[in-house]
Amino acid sequence: MKLSVNPAQRYAKMRAHTATHLLHAKLAEIFPNTKQAGSLVESDFLRFDFYADTLLSNTQLKEIENWINQRIYSAFPVTLTQTTFDEAVKLGAKAFFEEKYENEVRLIRVYDNDQCISAELCGGTHVQNTREIWAFTIISQEAVASGIKRISALTGPKVIEKLHNEEAILDAQVQALEVKSYSQLNEKITKFIKEYTETKSKLESIETQMLTQLLKNVEKGKNADFEYIFQLPPETNFKALPNLLKQQFPTVKSLLTYTPEGNYIIHTDGSISAKSLVQKYQLKGWGSDTVAQGKDAAVMNIH
Ligand SMILES: [Zn+2]
């Protein structure tokens, strides 16, 4: 069976491939000692792995993006030369990998007028002019292994597709936050975050006051292991509880607090291990010598 490649897909791959060469050229300028560690070229998508100790800053990533896009808009020719390996190296080709090259090699070069800005030995197919790449945008940078970084990028129509997807997200935010334009989003979000932080801290302080009152007034049980047993109302904020318990019962040997949902905290002064009490009552949860916490409906059977 003959494998047919859709011409549009093939062209999309060519755009991504030539863009990969441009990316490589620019990275070699930023990291003079870098080497390619691998690459993947798909339809208008590319992934390029290279040796570098540090991740690029956002400014550097933008600089790379701008540099490549300028070369795209400048409509530079991309040439293919069939030559010998030695000749290609003389012509400035980067020889990567510890690869063995055939006697005859394909040299792909990009020219800025008389100046060659990229020269690579490559078996892949390329566009004939950088303007055919149409546009380039970096979508991510990550560290993939020790000393190896990865840049993923888009070319051609996928760049517009990405812009449209991001626009849709922003449009939804404009609607949800009831502003008129993207430029007002930041201000509104900053305002909301400030209000949220203030409200949250107010709420926490009210909660703490309520809990403090509650701990004073709630009916207290006890048994051989626990000096105090409290049942607290549903959905009590357990985050605030450990500190409050410590403040209110500094001298207590052991106490158990739980909600009807089965959330519980065990506090001890260390003379009895909180963790061993969890084990003794076979509760689900974790603990240390002085605190144990978990969620287990069985806690309600402890009297
Ligand atoms: Zn290539």
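Counting starts at 1 for both ligands and their atoms, following the listed order.
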Review point. Do the ring planes of F48 and F50 sit parallel (below 30°), tilted (30 to 60°) or perpendicular (above 60°)?
Key: parallel

Revision key, fill the gap. Residues passing the side-chain hydrogen bond (donor to acceptor under 3.5 Å, both in side chains) test with S201, sequence neighbours excluded, are none

Exercise for review: Give a yes-or-no answer on whether the side chains of D86 and T84 include a donor-acceptor pair shorter than 3.5 Å.
Suggested key: no

Review point. What number of protein N, O or S atoms occur at distances under 2.8 Å from the Zn ion (ligand 1)?
Key: 3

Check your understanding: Is the backbone of A119 close enough, under 3.5 Å, to the side chain of R109 for a donor and an acceptor to pair up by distance?
Key -> no

Practice item. State which residues pass side chain to side chain contact (heavy atoms under 4.5 Å, CB included) with D296; sequence neighbours excluded, sorted by chain then number. Key: Y264, L283, K284, A298

Exercise for review: Tell me who clusters with I160, hydrophobic residues only, linked when side chains sit under 4.5 Å apart either directly or through other members.
Suggested key: W134, L163

